[in-house]
Amino acid sequence: MQKPKTNDPETAVPLGIRNPYIVNFMKALVEKKGEKHEPEALKKLLDDMYKLFENMLGQNMVKALPEDKRREYLELSKDLTKVSYKKIEEIFDKYVPNYEEVMKETMKQFTAIFMKNRKFDPKDYPVSEDVQG
C-alpha cells in the first residue's frame with residue numbers, strides 16, 4: 001500500500017480509502033443483478049466498479065461547479081501533490097451545494113449502465129479515457 005506524501009491530514013492525498021456505503025451499494029448491485037462470483041473474482045469486480053463509480057462521481061462533481069470554479073479546480077488538480085483536503089472542501093462545499101443530488105444521480109447513472117450490460121466492461125462507462133487505465 002502506498003504511503004501518503006505528508007503526515008499533515010489537511011494536505012495528505014487520499015490513497016485507497018473506500019467509502020463503506022459505496023462498497024455496499026456495489027455489492028447490492030451485483031446481488032440484484034443475480035451474478036455469482038468466486039471470492040477473488042468478486043473482489044476484483046467490486047474494485048473495478050468502485051474505481052469507475054469514483055471517477056464518474058468526480059467528473060459529475062466537477063461538472064456541477066460553476067465554469068470559473070471548474071477551471072480553477074482543473075488547474076489546481078494538475079499537480080495533485082499541491083492539492084489539499086481543505087482546498088477541495090472549500091471549492092466543492094461552497095460551489096456545489098446540491099452534492100447529495102449529484103451523488104444520487106451518479107448512483108442512478110451507474111446502476112442503469114451496470115444493469116443494462118450483460119458483462120461488466122469499463123468501456124461502457126462515461127469516464128475519461130485516462131482514468132480507465
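Note: Tyr125 OH to Asp48 CG = 10.0 Å, rounded to the nearest 0.5 Å. Between the NZ atom of Lys123 and the CG atom of Leu52 there is a distance of 11.5 Å, given to the nearest 0.5 Å. Taken from CG in Leu29 to CD1 in Ile113, the straight-line distance is 11.5 Å, to the nearest 0.5 Å.
The side-chain heavy atoms of Glu90 and Tyr95, taken from C-beta on, include no pair separated by under 4.5 Å. The shortest side-chain heavy-atom distance between Lys43 and His37 does not fall under the 4.5 Å cut-off. For the pair Ile91/Leu76, a side-chain contact is recorded, criterion being any heavy-atom separation below 4.5 Å from C-beta on. Residues Phe110 and Met26 have side chains in contact (heavy-atom distance under 4.5 Å, counting atoms from C-beta outward). By the 4.5 Å heavy-atom criterion applied to side chains, Lys104 and Glu100 are not counted as neighbours. For the pair Met103/Ile22, a side-chain contact is recorded, criterion being any heavy-atom separation below 4.5 Å from C-beta on. A heavy-atom distance below 4.5 Å is found between the side chains of Asn60 and Gln109. In this structure, the side chains of Leu42 and Lys36 stay at 4.5 Å or more apart for every pair of heavy atoms.
Note on Phe114: it does not cluster hydrophobically with Tyr21, by side-chain heavy-atom contacts below 4.5 Å among ILVMFWY residues.
Glu54 and Asn19 share no donor-acceptor pair across their side chains, judged by distance under 3.5 Å alone.
Residue-environment remark: NZ (Lys33) exceeds the threshold of 12 foreign heavy atoms within 6.0 Å. The environment of CD in Glu67 is crowded: more than 12 heavy-atom neighbours from other residues, nucleotides or ligands sit within 6.0 Å.
For Leu65 against Arg70, the heavy-atom pair with the smallest separation is O-NH2, 2.9 Å. Scanning all heavy atoms of the two residues, the minimum distance from Tyr50 to Ile17 falls at OH-O, 3.8 Å.
The side chain to side chain donor-acceptor pair (under 3.5 Å) search around Asp79 returns Thr81, not counting sequence neighbours. Partners of Lys69 according to the side chain to side chain donor-acceptor pair (under 3.5 Å) rule, which considers only residues two or more places apart in sequence or in another chain, are Glu72.
Aromatic pair Tyr99/Phe92: ring centres not closer than 6.0 Å.
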Between Lys108 and Glu105, does a salt bridge (charged side-chain N to carboxylate O under 4.0 Å, His left out) hold up when you go through it step by step?
-> CA-CA 5 Å; Lys108 288 179 184 177; Glu105 288 304 313; 3.4 Å; yes
